[in-house]
Structure formats: structure tokens, C-alpha cells
There are 2 protein chains.
Amino acid sequence: MQNGIEEIYEDLKLPPEQARDAHRPYVLVNMVASLDGRAAVGGKASGIGGAGDRRVMRTLRSRVDAVMIGGGTLRAERLSLGLDPEDPKPVPLAVVITSTGDAPLERNLVRDHRQRVLVLLGENAPEEKVSHLRALAEVRRVPAEPSGAVDLRRALRMLKACDGIDVLLCEGGPTLNRALISYDLVDEILLTLAPTLIGGPSEQSLTLLEGPALQNTRGLKLLSVNVAEDEVFLRYSLHTDAPNPP
Amino acid sequence: MQNGIEEIYEDLKLPPEQARDAHRPYVLVNMVASLDGRAAVGGKASGIGGAGDRRVMRTLRSRVDAVMIGGGTLRAERLSLGLDPEDPKPVPLAVVITSTGDAPLERNLVRDHRQRVLVLLGENAPEEKVSHLRALAEVRRVPAEPSGAVDLRRALRMLKACDGIDVLLCEGGPTLNRALISYDLVDEILLTLAPTLIGGPSEQSLTLLEGPALQNTRGLKLLSVNVAEDEVFLRYSLHTDAPNPP
């Protein structure tokens, strides 16, 4: 169970042969949390996981076609969605999804010249935001829900149909995670449990999922447990009828 | 790693030979949480864990001298602090700790005639509460902090000196857990990760720890990982200098 960190998820075969929905990518959510379930401190996830978590995050990215975050996560902190510079593997597509167009790419996205960046934008986002973003990345309008939020099912179908994305890794934040799960658009959750306790008021210390309570998400299937340097790497399927992992 | 549920923590040897503080019990905190870190739904922890968690909770109780909860946890739901009726092992002392004396023993504590029940009460709790509780259980006054909260260090020392408690299991709630940790009075955290997602507003879905952010709790040491029926049972030491487990 104690693994070399470089072995964790190295042999992941994605997508599985029998995906449940051929019209969208197979979707993984990967997050790090403290033992007390905090996935962000002061809005930021960085600093919770250690070097092992960082390494595993890179391994996962190298196994998928696209890495997606919500606009709020990009607003919260400066981050990369790519691989390490010396990694020769193909760099996944970076996807930033935002209803409002409030996505500070120039300030907070660490760019890798090898990486294509796509912003999926709610159809109600103001035109000046779109023009601004077009100068920085590819931009695509997506139909919105009546609430104004991006229609996530449509967005995922677009990524499959237009960009050939078969496997998508979502790295949060908690609002996007919860929305995807509530629409039954997540196939797996990969959770790094960091050996730390955070506490603090809930408005500062977010959990993995933010939003109204979920229905029908009992009985996830544990696919694997890996341990390295006191961090625990857990992989779950959201489908109780998932086959046993190889 | 996949264990029979009846084996988990069966061979726990507590307290360890070199306890850090001989003047108080060795303190374990045991909690169950969902993958998204929720330790209570609508204030109640019951319903998050499965049969395995219930079994492991009973095993742990049979390894300790006392089981402690805070008054808030007893107010939130009806619960037992003992063993299963058919279990022949000695039943641990039940301890309810409350600053205010607001501990509805008669309504919410499932009594086991074999179990001694002790209420530790803040010295500022009103006398009529004390009289009421004395009719139901043993009651002991404990000095209070300037805030009015029970002085937990004094409370633990009393349990050691007056009741011979060498190993204490705390089963929450989140406010008591956090207070004990913040005073560096916890030796181990045992966490059951239930294969479920809960979500929901933070005021309804508590995390393991409630209260101000903690300091200096990075780098917990992972002592063991057990898995049974998709539940993961994690055992951590809060002391980074803890010896490796047998």
C-alpha cells in the first residue's frame, strides 16, 4: 500500500471501455483536502497538499485530454493546468469554464507555450469580457441554464464533439465540482487526504463541494487506495455498478 | 488492505508505553466523515457511516477506559456510548462534558445498566441543572476558562487522577474535537471515510472541526489504513515523533 509516489496512477487506463455516456468525456474530479475536509484555505487549495500530491496531480494530467477549472478557482490563486516543463508527454487542453467571463487568465494562469487554452463562456457573459478573453485564448460561447450558469452537459458534449476530449480532469473549485456531480456528469473522484488539520470558519475553509445538499450520491465504490509519505490517495467511482479495477 | 471488519483495531495496544503526558489519559478522537468532509448532516453524525463504521466504533470503545462526547452532540441526537448488549467486555465509562449543564441525558443517552455515566460540568453551570443531572448520573464540577468553557486540561487530569482513565476516546462533536486539539490534548485521530458525498450549507453539514483555524497541526503521521466494504479507516498520530506502529 505504501507506494513510490511516481507509481501512483501511472497505470491508469482511461477512459474505461464501457463509458456510461458516449456523448461526453469521461470525467474525473481530483482534489486535495485536509483530514477535516477543508479543500481551500482563504479560498486557495495550494499549500494543503505536499510534494506527493503535486506529483500525483501531474501524473493525472498526463493521463487525460483536458484539465478544467471554474472561473472562481482561477480568481482565487495563480496556478498552472499543465505538466512540468521537462515532461515530454502531450500537454492536455486547459479549459476554464465561467458563466460571467470573469477569468483573469493574464494574471493567474501560468502559461505553458505548448498548451492550448480554451475558455467556455456562458452565453450571457458581456461582450467586452469576450473580446478581452479572445486576445488571450480560444473562447467559445456555451448555452446557459435559466439561472445564467453555463449548461454543463452542453459544455461537456461540446468538448467531446468539437475538441475530441475523451477524458477530462476537473480540478475544482467546490462549486463546479458540486454542479457537475449534481447533474450526474462525474465518473470518478480522486481525493488526496493531506495529513493536516485546518479548521477555521466555513466561509474561509471550503470543503470539496459547495452548494445545496446532494441527492443520491451514497454508495460510491472505492477503486484504489495508495499511500505515500503520510498522504493517502483515494480513487472512487460514482457508479455503484462499476467493474472492479484491474 | 481489505480487512475483515471484525479485525480492524482488534490488536490496538493502548496506551503506548511512552505517553507524552503521564498526567492525563491518552486521547483518541474517532469520527466518521463523508468524502467531502461532512461529519454531521442536520447536526447528526448518524447515517454517514455504515455497518462497518458502527462495528469499528464498538471495537474502539472496547479498547478504552472512557468514551467522551460534548453536550452539543448529545443534544443533537439520541445515542449510546457503550458496547453492544451481547459484548462481554468491560463497558467504558461514559463522559459527557458540558460548560452549561445542558445535557439531555434522559432524552438522548441510551443507557446500558452496566455503564457508569459521569457528567463533567463547568463551574459556572447553574445549580438547578446540576441538581437535575445528579438525579441521573454522577456529576463533577470542573474549573472553567475565562470564557466560561470547561478547562479541558483540568478535566482530563481529573479523569486520570480520580477515575483512573488511561485511555479516553472522544467521539465529538466538532467543537469539542477542535478545542481538545487546539490545547494539544489529542494523541490520535481515527477517521472513517464513508463512501458518500453530502454537500449542503456549512451550517447544516459540519466538518470534523468547528471553530477558529488551527495552528501547528501540519504533518500528522499516518499509522494505519484499513479498508472494508468501500469504507476507509485511517489512524493518525498528532505527534510527528511518534514511533512506527507495530
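Below, chain A is the first sequence line, B the second, and so on; all start at residue 1. Note that the coordinates shown come from a computational prediction; the quantities given were computed from them, not determined experimentally.
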S.K.: Would you find more than 12 non-hydrogen atoms of other residues, nucleotides or ligands less than 6.0 Å from A:R154 atom CZ?
M.R.: no
S.K.: Tell me, side chain or backbone of B:L191 under 4.5 Å from chain A's heavy atoms, or both, or neither?
M.R.: side chain
S.K.: State the CG-CG distance between B:L238 and A:L197, to the nearest 0.5 angstrom.
M.R.: 6.0 Å
S.K.: Find out whether B:V232 and A:Y236 are in side-chain contact, i.e. whether some heavy atom of one side chain is under 4.5 Å from a heavy atom of the other.
M.R.: yes
S.K.: Please check if atom CZ in A:R75 has more than 12 non-hydrogen atoms from other residues, nucleotides or ligands closer than 6.0 Å.
M.R.: yes
S.K.: Just how far is it from atom CD1 of B:I198 to atom CG of A:L209, taken to the nearest 0.5 Å?
M.R.: 10.0 Å
S.K.: Return the CG to CG distance between B:D36 and A:L214, rounded to the nearest 0.5 Å.
M.R.: 7.0 Å
S.K.: Among A:I189, A:L208, A:L35, which has the most heavy-atom pairs under 4.5 Å with chain B?
M.R.: A:L35
S.K.: Taking all non-hydrogen atoms of both residues into account, name the closest pair between A:T196 and B:L220 and its distance.
M.R.: CA-CD1, 3.9 Å
S.K.: Is a donor on one side and an acceptor on the other found under 3.5 Å between the side chain of A:D230 and the backbone of B:L222?
M.R.: yes
